[in-house]
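Each remark here refers to the structure printed beneath this line.
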Amino acid sequence: MNPDLEQKAESATAEVATINSNPKADFSMNLINSKGEKVSMEKFRGKVIFMNIWATWCPPCIAEMPGINKLYNDVNKEDVVFIMLSVDQNFQKAIDFNKNKGYDFEVYSVDGQMPQMYSSQSIPTTYVIDANEKNCPNPFGNGGL
């Protein structure tokens with residue numbers, strides 16, 4: 001027996017188990033966009049969702065915005081939805097920030113409660129939900145993009 005091969009096999013098995021245990025996304029969240037329109041996350045079911053939780057007062061959030069805007073402009077909008085979810089107490093600050101910076105993506109605020117699975121102790125935090133409604137194994141946080 002080769003101990004290196006056994007360790008690699010165990011690692012691969014653990015990765016498969018992690019991938020297969022990704023929780024289903026929670027689509028119960030209701031949002032408000034910059035125009036004041038209510039949007040249910042349910043509307044985005046079946047698409048890849050890039051959800052970034054951010055705030056205007058968060059330097060790492062601000063630092064990653066240009067890269068997110070470039071990504072937004074580089075992907076097919078038919079297949080990928082961006083939910084740029086502001087946690088600012090005053091949502092108008094996020095709307096004004098987005099407009100002043102000239103970013104192309106829509107900004108949202110939570111309308112009601114944020115589902116527990118999207119709660120995070122730090123921002124920025126990014127979740128990627130695949131078209132099969134599974135969360136990626138781990139959220140990206142603190143400027144991890």
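Everything quoted here is computed from the prediction, not taken from an experiment. In what follows, every heavy atom counts, from backbone to side chain, and hydrogens, waters and symmetry copies are set aside.
- For the pair Ile53 and Leu85, the minimum side-chain heavy-atom distance is below 4.5 Å.
- Val48 approaches Ala131 most closely through the heavy-atom pair CG2-N, 4.0 Å.
- Counting only residues at least two apart or on different chains, the disulfide bond (SG atoms under 2.5 Å apart) pairs with a member in residues 42-97 are Cys58-Cys61.
- Between Ser86 and Phe91 there is a side-chain heavy-atom pair separated by less than 4.5 Å.
- In this structure the side chain of Pro66 reaches within 4.5 angstrom of the side chain of Tyr103, judged on heavy atoms.
- The closest side-chain heavy-atom distance from Phe44 to Val80 is not below 4.5 Å.
- In this structure a side-chain-to-backbone donor-acceptor pair under 3.5 Å is present from Tyr127 to Tyr118.
- Close placement of the Tyr72 and Phe82 rings is indicated, their centers lying within 6.0 Å of each other.
- Contacts of Phe97 classified as ring-ring contact (aromatic ring centres under 6.0 Å, His included), with partners at least two apart in sequence or in another chain: Trp54.
- Here the side chains of Lys47 and Glu133 are not in contact, with every heavy-atom distance at 4.5 Å or above.
- Annotation: the span from Thr56 atom OG1 to Gln89 atom CD amounts to 10.5 Å, rounded to 0.5 Å.
- To the nearest 0.5 Å, atom CZ of residue Phe27 and atom CE of residue Met41 are 5.0 Å apart.
- Listed for the Asp88 side chain is no donor-acceptor partner under 3.5 Å among the backbone atoms of Asn90.
- For Glu42, the CD atom is densely surrounded, since the number of other residues' heavy atoms within 6.0 Å is greater than 12.
- Put simply, the side chain of Asn30 does not reach to within 4.5 Å of the side chain of Val110, judged on heavy atoms.
- For the salt bridge (Lys or Arg N to Asp or Glu O under 4.0 Å) condition, the pairs that include at least one residue of residues 26-35, sequence neighbours left out, are Lys35-Glu106.
- Annotation for Thr125 and Ser120: closest pair OG1-OG, 2.9 Å, computed over non-hydrogen atoms.
- Here Asp104 pairs with Asn69, Asn73 under the side chain to side chain donor-acceptor pair (under 3.5 Å) rule; sequence neighbours left out.
- A distance of 5.0 Å separates OG1 in Thr126 from CD1 in Ile68, rounded to the nearest 0.5 Å.
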| said: Quick one, Phe50 with Leu71, criterion side chain to side chain contact (heavy atoms under 4.5 Å, CB included). Give me CA distance, side-chain angles, the key distance, then yes/no. | reply: CA-CA 10 Å; Phe50 178 98; Leu71 178 65; 3.9 Å; yes
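- Around CD of Glu78, the count of heavy atoms belonging to other residues, nucleotides or ligands within 6.0 Å does not exceed 12.
- Of the possible donor and acceptor atoms, one in the side chain of Asp130 sits under 3.5 Å from a partner among the backbone N and O of Asn132.
- For the side chain to side chain donor-acceptor pair (under 3.5 Å) test, residues two or more places apart in sequence or in another chain that qualify with Lys70 are Asp74.
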| query | Going through the checks in order, is the side chain to side chain contact (heavy atoms under 4.5 Å, CB included) test met by Val39 and Ile32? | reply | CA-CA 6 Å; Val39 179; Ile32 297 176; over 6 Å; no
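- Here the CE atom belonging to Met84 is positioned 11.5 Å from the CE atom belonging to Met51, to the nearest 0.5 angstrom.
- Among all heavy-atom pairs drawn from Glu64 and Pro124, the shortest one is OE2-CB, 3.0 Å.
- Checked by atom type and distance alone, the side chain of Asn98 pairs as donor or acceptor with a backbone atom of Phe105 at under 3.5 Å.
- Between the CD atom of Gln113 and the OG atom of Ser119 there is a distance of 8.5 Å, given to the nearest 0.5 Å.
- Counting only residues at least two apart or on different chains, the salt bridge (Lys or Arg N to Asp or Glu O under 4.0 Å) pairs with a member in residues 111-127 are Lys38-Asp111.
- In terms of modelled atom types and a separation under 3.5 Å, the side chain of Lys101 and the main chain of Lys99 share no donor-acceptor contact.
- Using a 4.5 Å cut-off on side-chain heavy atoms (C-beta onward), Leu31 and Glu37 make no contact.
- Under the 4.5 Å side-chain criterion, counting only non-hydrogen atoms from C-beta, Val128 is not in contact with Ile49.
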